[in-house]
Amino acid sequence: MATTSTNPLDDPAADPFEIARRAAGDIARLTGVEQHDIALTLGSGWGKAAELIGETIATIPAAEVTGFSKPALEGHVGTLRSVRTPDGKNVLVIGARTHYYEGHGVRRVVHSVRTAAATGARTMVLTNGAGGIKAQWTPGQPVLISDHINLTADSPLEGATFVDLTDLYSSRLRDLARTIDPSLDEGVYCQFRGPHYETPAEVQMAKTIGGHIVGMSTALEAIAAREAGLEVLGFSLITNLAAGIQTTPLSHAEVIEAGREAEPVISALLARVIGAL
Ligand code: HPA
């Protein structure tokens, strides 16, 4: 597999941070924006936020940036966008997420986060669509991520790199988000490998160990963000109640539909939060 790859991240001898710096150079050249202040990864349901944050300065295909992969899923946009907020902050909007379940290794999963840090960003906003465990949640509801449980048995950190993950999902930024929408609930995000959805028994396990949200992204990205010195804010859109919490079977179509319906409302919320950062 690796022998046919043209992605420099697949060379084990390569330095992923050096590749991220090259990617940041590509972004500066292709967008004309030298430096970004905030990075935002858009998960399913959150896509409209890009238009609401401010003026789009440039949109570029992620595939033209060093180390980025083509999108694996239809409906996942493969673009990077530079957006300027009304108060002059530059936001790098990442619409090109590589999921762990794609099997390309964790370096590719966190490359966008490392690149964001290399562009100068100090804040990383991670969003996703996910299953809800709290019975009072309803599909279409956005929630804050308060912490995570990484069930992938993997880490983006290489070598003996010991990184503290206390307050990983910044309580300061969560408080700030609640000044925009005081009704925002929060929960602990459990990252499973996927791409299959969890069994009801796995969802019960996640609940027992303290989880409230189940998903297939974000935790590995958040770890890399902390390593890179970024302050993290995480949002999940509850697209469905997790397997066994809802009695009907889960479907990708249902997840996409819930995202589409919620998109205008949650994107407006996200844009207001970004404006306040
Ligand atoms: N589980 C995992 N990932 C998901 C789910 C879920 O129930 N819904 C949307 N993404």
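Just so it is clear, the values below take in all heavy atoms, side chains as well, and ignore hydrogens, waters and symmetry mates. Numbering of ligands and ligand atoms starts at 1, following listing order.
Among protein heavy atoms, atom 5 (C) of ligand 1 sits closest to Gly131 N, 3.4 Å. Taking atom 8 (N) of ligand 1 as the reference point, the nearest protein heavy-atom neighbour is Asn240 OD1, 2.7 Å.
A salt bridge is defined here as a Lys NZ or Arg NE, NH1 or NH2 lying under 4.0 Å from an Asp or Glu carboxylate O, and Glu263 with Arg260 fails to meet this definition. We find that Arg178 and Asp185 are not joined by a salt bridge, their nearest charged nitrogen and carboxylate oxygen being 4.0 Å or further apart.
Atom numbering of ligand 1 starts at 1 in the shown order; those under 4.0 Å from a heavy atom of Met216 are 2 (C), 3 (N). The Gly129 neighbourhood of ligand 1 comprises atoms 9 (C), 10 (N), with distances under 4.0 Å to a heavy atom of that residue. Residue Gly215 approaches ligand 1 through these ligand atoms, each under 4.0 Å from one of its heavy atoms: 2 (C), 3 (N). Near Glu198, the atoms of ligand 1 lying under 4.0 angstrom from a non-hydrogen atom of the residue are 1 (N), 2 (C), 6 (C), 7 (O).
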### Message
I'd like to know whether Thr98 forms a side chain to side chain donor-acceptor pair (under 3.5 Å) with Arg108, so could you lay out the CA-CA distance, the side-chain angles of the two residues, the decisive distance to 0.1 Å, and finally the verdict.
### Response
CA-CA 7 Å; Thr98 299; Arg108 288 222 223 161; over 6 Å; no
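In this structure, a donor-acceptor pair under 3.5 Å is absent between the side chains of Tyr189 and Asp147. Side-chain N/O atoms of Thr152 and Arg193 include no donor and acceptor closer than 3.5 Å. Defined by atom type and a distance below 3.5 Å, a donor-acceptor pair is present between the side-chain atoms of Ser82 and His36.
A 6.0 Å sphere centred on CZ of Arg272 holds no more than 12 heavy atoms belonging to other residues, nucleotides or ligands.
Residue-level proximity to ligand 1 for Leu250 is carried by the side chain, the only part with a heavy atom below 4.0 angstrom. Only the side chain of Thr239 comes within contact range of ligand 1, with a heavy atom under 4.0 Å; no backbone atom does.
An N or O contact shorter than 3.5 Å is missing between Tyr197 and ligand 1 by distance.
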